[in-house]
Amino acid sequence: MEARLRIESSGFEARDVREIDLSIVVPLYNEEDNLAPLYRELKSVLDGYGHSYEIIFVNDGSTDGSSAVLETLHRDDESVTVIEFRRNFGKARALSAGFSEARGNIVITLDADLQDNPVEIPRFVERIREGFDLVSGWKYERKDPLSKTLPSRLFNSVVARTTGLPLHDFNCGFKAYSRSLVDNLNIYGELHRYIPALAFGDGFRVAELPVDHRPRLHGKSKYGWERFTRGMLDLLTVLFLTRYMKKPLHFFGSLGLVFMLFGLAINTYLAVIWFMGESIGRRPLLNLGVLLMVLGVQFISTGLIGEMLTHSHKGDECSPVARKLSRSDERGA
Ligand code: UDP
Ligand code: MG
């Protein structure tokens with residue numbers, strides 16, 4: 001028993017000790033012509049940088065020759081890890097898979113389309129070392145068509161205003177993460193656009209770094225106009241998750257109470273005039289009053305069910321602990 005316990009705990013330590021300084025995570029979908037040049041650029045920055053590193057390519061179900069290129073890179077270079085998805089699951093899932101694989105103390109993500117320039121990596125690392133948990137790239141001179149930059153600007157200003165995090169560019173694929181943030185991230189769907197907002201909501205320190213942005217030379221952009229309608233819907237999710245995740249009744253309950261109060265006021269008024277002898281059976285206002293009260297009850301019940309869910313998922317939440325002051329160092333232990 002004793003021995004077994006020890007094995008388990010040493011196994012845990014082996015997994016927990018970070019042996020690598022930097023993990024570079026690259027999500028990709030149909031980028032065959034960009035991969036080899038990107039790899040060369042990454043190597044030329046990382047090899048002279050003096051930090052241990054790994055490069056993780058996450059192939060999000062590419063249907064072109066990306067797989068073959070990645071196989072070659074992986075065969076010839078030990079620092080290259082390749083994760084292949086069965087089909088296209090989207091960038092958020094690709095990032096998630098990369099985060100789970102990453103062992104580095106700092107994790108850096110960048111797009112595979114050569115629009116992000118790897119020479120910026122040391123600047124990202126520097127800012128994380130200053131104590132930030134998330135450093136988010138800002139394509140201040142964006143090399144994309146107007147059909148993309150214009151809606152994007154609108155999107156960013158709406159998100160900045162609603163989430164209270166004043167970033168210029170939420171959607172930049174170039175970002176650096178501290179280990180503690182990576183351990184606490186939970187993204188899915190298309191929520192990768194909101195990682196800064198979600199992290200900020202959980203109290204992590206977020207900074208922005210202006211980065212060089214280059215035009216796309218090979219391959220096609222994977223997103224069109226539809227990203228913005230979806231993006232706005234996702235914004236609702238994020239607002240809800242960051243503000244009300246732990247107290248759904250505050251959201252649904254206050255809505256429900258407002259409805260109830262209006263319904264009650266209307267019905268009280270109708271009851272009073274009914275007592276005074278007026279007939280109210282054919283008044284549309286009666287429908288409205290009843291409707292509002294029923295809706296109110298429904299909203300409040302939804303809030304209560306939300307509270308139950310929150311309670312049964314207590315273990316899933318992000319840990320609020322940033323660090324714990326300890327005396328062990330002072331004692332020399
Ligand atoms: N990408 C992905 N899965 C997808 C769509 C995109 O992994 O379903 C990758 C893509 O290969 C690229 C990055 O995400 O490395 C950003 O995509 P893209 O350049 O098309 O977006 P844009 O720069 O136009 O915002
Ligand atoms: Mg791009």
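The distance from the CD atom of Glu41 to the CG atom of Leu46 is 11.5 Å, given to the nearest 0.5 Å. Atom CG of Asn267 sits about 8.5 Å away from atom CG of Leu292, to the nearest 0.5 Å. Between atom CD of residue Glu31 and atom CG of residue Leu70 there is a gap of 10.5 Å, rounded to the nearest 0.5 Å. Atom OG1 of Thr81 sits about 10.0 Å away from atom CZ of Phe57, to the nearest 0.5 Å. In this structure, the separation between SG on Cys172 and CG on Leu209 is 9.0 Å, given to the nearest 0.5 Å. Separating the NZ atom in Lys220 from the NE2 atom in His218 is a distance of 14.5 Å, to the nearest 0.5 Å.
Put simply, the side chain of His213 gets close to the backbone of Lys143: a donor and an acceptor are under 3.5 Å apart. Glu120 places a side-chain N or O within donor-acceptor distance of the main-chain N or O of Asp212, the cut-off being under 3.5 Å. A donor-acceptor contact shorter than 3.5 Å links the side chain of Asn184 to the backbone of Ser180. Between the side chain of Thr109 and the main chain of Gly173, a donor-acceptor pair closer than 3.5 Å is present. No donor-acceptor pair under 3.5 Å is formed between the side chain of Glu32 and the backbone N or O of Ser66. A donor-acceptor pair under 3.5 Å is formed between the side chain of Asp60 and the backbone N or O of Gly90. Using a distance-only test at 3.5 Å, with no hydrogens or angles considered, a donor-acceptor pair links the side chain of Asp116 to the main chain of Asp111. Although no hydrogens or angles enter the test, the distance criterion places no donor-acceptor pair under 3.5 Å between the side chain of Arg283 and the main chain of Leu285. At distances below 3.5 Å, at least one donor-acceptor pair connects side-chain atoms of Ser312 with backbone N or O atoms of Leu309. Arg127 contributes no side-chain N or O that, together with a main-chain N or O of Ala207, makes up a donor-acceptor pair within less than 3.5 Å.
Here the shortest heavy-atom pairing between Gly289 and Ile266 reads CA-CG2, 3.8 Å. Here the closest non-hydrogen pair linking Leu35 and Ala112 is CD2-CB, 4.3 Å. In terms of heavy-atom proximity, Asn30 sits nearest to Thr63 at OD1-N, 2.6 Å. Minimum interatomic distance between Ala36 and Val69 (heavy atoms only, all atoms of both residues): N-CG1, 4.3 Å. What you find for Tyr49 and Pro122 is that their closest heavy atoms are OH-CA, 3.5 Å. Pro118 and Leu110 get closest at one heavy-atom pair: CG-CD1, 4.2 Å.
Taking the six-membered ring for Trp and the full ring otherwise, the centers of Phe124 and Phe174 sit less than 6.0 Å from each other.
Classification of Glu141 and Arg214 as a salt-bridged pair fails, no side-chain N sitting under 4.0 Å from a carboxylate O. Look at Asp144 and Arg216 and you find no salt bridge, because none of the NZ, NE, NH1 or NH2 atoms lies under 4.0 Å from a carboxylate O. Look at Glu126 and Arg129 and you find no salt bridge, because none of the NZ, NE, NH1 or NH2 atoms lies under 4.0 Å from a carboxylate O.
Arg93 is not listed as a side-chain neighbour of Pro27, based on a closest heavy-atom distance of 4.5 Å or more. Side-chain contact between Val206 and Phe132 is absent, with no heavy atoms from C-beta onward closer than 4.5 Å. Side chains of Tyr53 and Asp47 form a contact here, defined as non-hydrogen atoms less than 4.5 Å apart. The shortest side-chain heavy-atom distance between Val25 and Val107 falls under the 4.5 Å cut-off. With a 4.5 Å cut-off on side-chain heavy atoms, Val135 and Lys175 do not count as touching. At a threshold of 4.5 Å between non-hydrogen side-chain atoms, the residues Asp169 and Ser136 do not count as touching. The shortest side-chain heavy-atom distance between Leu42 and Ile24 falls under the 4.5 Å cut-off. Contact check for Thr163 versus Phe200: no side-chain heavy atoms found under the 4.5 Å cut-off.
Residue Phe251 qualifies as enclosed at atom CZ: its count of foreign heavy atoms under 6.0 Å is above 12. Surrounding CD of Glu130 are more than 12 heavy atoms belonging to other residues, nucleotides or ligands, all under 6.0 Å away. Crowding of Arg153 atom CZ: a count of heavy atoms from other residues, nucleotides or ligands under 6.0 Å not exceeding 12.
Between His168 and Trp138, the ring planes are parallel. Angles under 30° get that label, and only those over 60° would be called perpendicular.
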Could you check Leu114 against Leu217 for side chain to side chain contact (heavy atoms under 4.5 Å, CB included), going step by step and ending with a plain yes or no? CA-CA 8 Å; Leu114 289 174; Leu217 297 178; 5.7 Å; no

Pair Ile56, Ile83 - check side chain to side chain contact (heavy atoms under 4.5 Å, CB included), show working. CA-CA 7 Å; Ile56 303 170; Ile83 299 172; 4.0 Å; yes

Could you walk me through whether Ser96 and His192 pass the side chain to side chain contact (heavy atoms under 4.5 Å, CB included) check? CA-CA 9 Å; Ser96 263; His192 58 280; over 6 Å; no

Could you check Glu84 against Ser67 for side chain to side chain donor-acceptor pair (under 3.5 Å), going step by step and ending with a plain yes or no? CA-CA 8 Å; Glu84 296 262 346; Ser67 246; 2.8 Å; yes

Could you go through Phe262 and Val258, starting from their C-alpha distance and side-chain angles, then the distance that decides it, and tell me whether this counts as side chain to side chain contact (heavy atoms under 4.5 Å, CB included)? CA-CA 6 Å; Phe262 268 105; Val258 171; 3.9 Å; yes

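Ile55 and Tyr29 end up in different hydrophobic clusters when Ile, Leu, Val, Met, Phe, Trp and Tyr side chains are linked at under 4.5 Å. Under the 4.5 Å side-chain contact rule for hydrophobic residues, Leu22 and Leu95 do not share a cluster. No path of Ile, Leu, Val, Met, Phe, Trp and Tyr side chains, each step under 4.5 Å between heavy atoms, connects Tyr269 with Leu264, placing them in separate hydrophobic clusters. Tyr177 and Ile108 sit in two unconnected hydrophobic clusters of ILVMFWY residues. Membership requires side-chain heavy atoms under 4.5 Å apart, directly or through other members. The cluster map of Ile, Leu, Val, Met, Phe, Trp and Tyr, joined by side-chain heavy atoms under 4.5 Å apart, puts Val125 and Val182 in different clusters.
Only one option out of Asp133, Asp202, Leu198 pairs with Leu181 in a side-chain contact (heavy atoms from CB on, under 4.5 Å); it is Asp133.
Residue pairs meeting the ring-ring contact (aromatic ring centres under 6.0 Å, His included) criterion with at least one partner in residues 271-302, sequence neighbours excluded, are Phe259-Phe299.
A donor-acceptor pair shorter than 3.5 Å cannot be found between the side chains of Asn34 and Asp113. No hydrogens or angles considered: a donor-acceptor pair under 3.5 Å links the side chains of His51 and Asp21. When only modelled atom types and interatomic distance are considered, Ser178 and Arg205 share no side-chain donor-acceptor pair under 3.5 Å. Using a 3.5 Å distance cut-off with no hydrogens or angles, the side chains of Asp77 and Tyr39 do pair a donor with an acceptor. There is a side-chain donor-acceptor pair under 3.5 Å between Glu54 and Ser23.
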